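To keep things clear, I will list the structure first and then write my remarks on it.
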Amino acid sequence: MITKYSSLLCACFLIIALFYLPASYYMFLRIIVALGAILIIIRSSIQKEYAWGAVFVIIGILFNPFIPIYLYQKNKWIWVDLFVAFLFLFDFYPRKRKEKVAHKKPTIRTYDRDRIY
């Protein structure tokens with residue numbers, strides 16, 4: 001449950017990052033988004049959603065605070081921030097899970113007209 005609200009929090013911080021803010025905010029953003037991505041990676045590995053976890057591994061690498069990746073232009077980061085905010089919002093809203101359908105034995109239907117008197 002905490003991962004759901006952390007993804008909403010990360011999406012909000014990423015949308016705020018679209019404005020021109022001091023560099024310290026973007027360092028804070030890197031820490032928050034990296035931690036949110038780690039939480040989603042852990043949850044997706046528990047739920048065996050490996051493709052979704054791989055997406056957030058890439059996000060975690062892109063936003064890691066220890067070895068930062070610089071794009072040097074705000075215009076490029078705006079699109080990255082919007083896309084990653086969309087992914088965090090997509091993670092926040094519940095998705096329908098595919099349930100395994102057990103094979104049932106076919107039932108033979110009988111009707112009154114089928115009786116022999």
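One is the number of the first residue; the rest follow in order along the sequence. Side chains are part of it too, since the values below use all heavy atoms of this structure and drop only hydrogens, waters and symmetry mates. Since this is a predicted model, take the numbers as computed values, not measurements.
Linking Ile, Leu, Val, Met, Phe, Trp and Tyr whenever their side-chain heavy atoms come within less than 4.5 Å puts I61 and F83 in one cluster. F28 and L21 end up in the same hydrophobic cluster when Ile, Leu, Val, Met, Phe, Trp and Tyr side chains are linked at under 4.5 Å. Residues V84 and V55 share a hydrophobic cluster, clusters being chains of Ile/Leu/Val/Met/Phe/Trp/Tyr side chains in contact below 4.5 Å. I15 and L35 are not part of a single hydrophobic cluster, where members link through side-chain heavy atoms under 4.5 Å apart. Taken together through direct or relayed side-chain contacts under 4.5 Å among Ile, Leu, Val, Met, Phe, Trp and Tyr, V57 and W52 form part of one hydrophobic cluster.
From Q47, atom CD reaches atom OG of S44 across 8.0 Å, with rounding to the nearest 0.5 Å. Separation of atoms CD1 (I41) and CD1 (I59) is listed at 8.5 Å; rounding is to 0.5 Å. Atoms CZ and CZ, on F86 and F90 in that order, are 6.5 Å from each other to the nearest 0.5 Å.
Residues D91 and F56 approach most closely at CB-CZ, 4.5 Å, considering heavy atoms. Between A85 and A11, the closest heavy-atom pair is O-CB, 3.8 Å.
Of the residues listed (F88, F63, Y5), the one engaging C10 in a side chain to side chain contact (heavy atoms under 4.5 Å, CB included) is F88, and it is the only one.
A donor-acceptor contact shorter than 3.5 Å links the side chain of Y25 to the backbone of F13.
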Going by atom type alone, with no hydrogens or angles, which donor-acceptor pairs under 3.5 Å involve a side-chain atom of residues 65-82 and a protein atom two or more places apart or on another chain?
unit_1 : atom_1 : unit_2 : atom_2 : d
K74    : NZ     : A17    : O      : 2.6
K74    : NZ     : F19    : O      : 3.3
K74    : NZ     : Y26    : OH     : 2.7

**OP:** Kindly determine whether S7 and I40 satisfy side chain to side chain contact (heavy atoms under 4.5 Å, CB included), including the steps that lead there.
**Re:** CA-CA 8 Å; S7 58; I40 292 172; 4.0 Å; yes

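The hydrophobic cluster around I58 extends to none of the other residues, as no ILVMFWY side-chain heavy atom falls under 4.5 Å of it.
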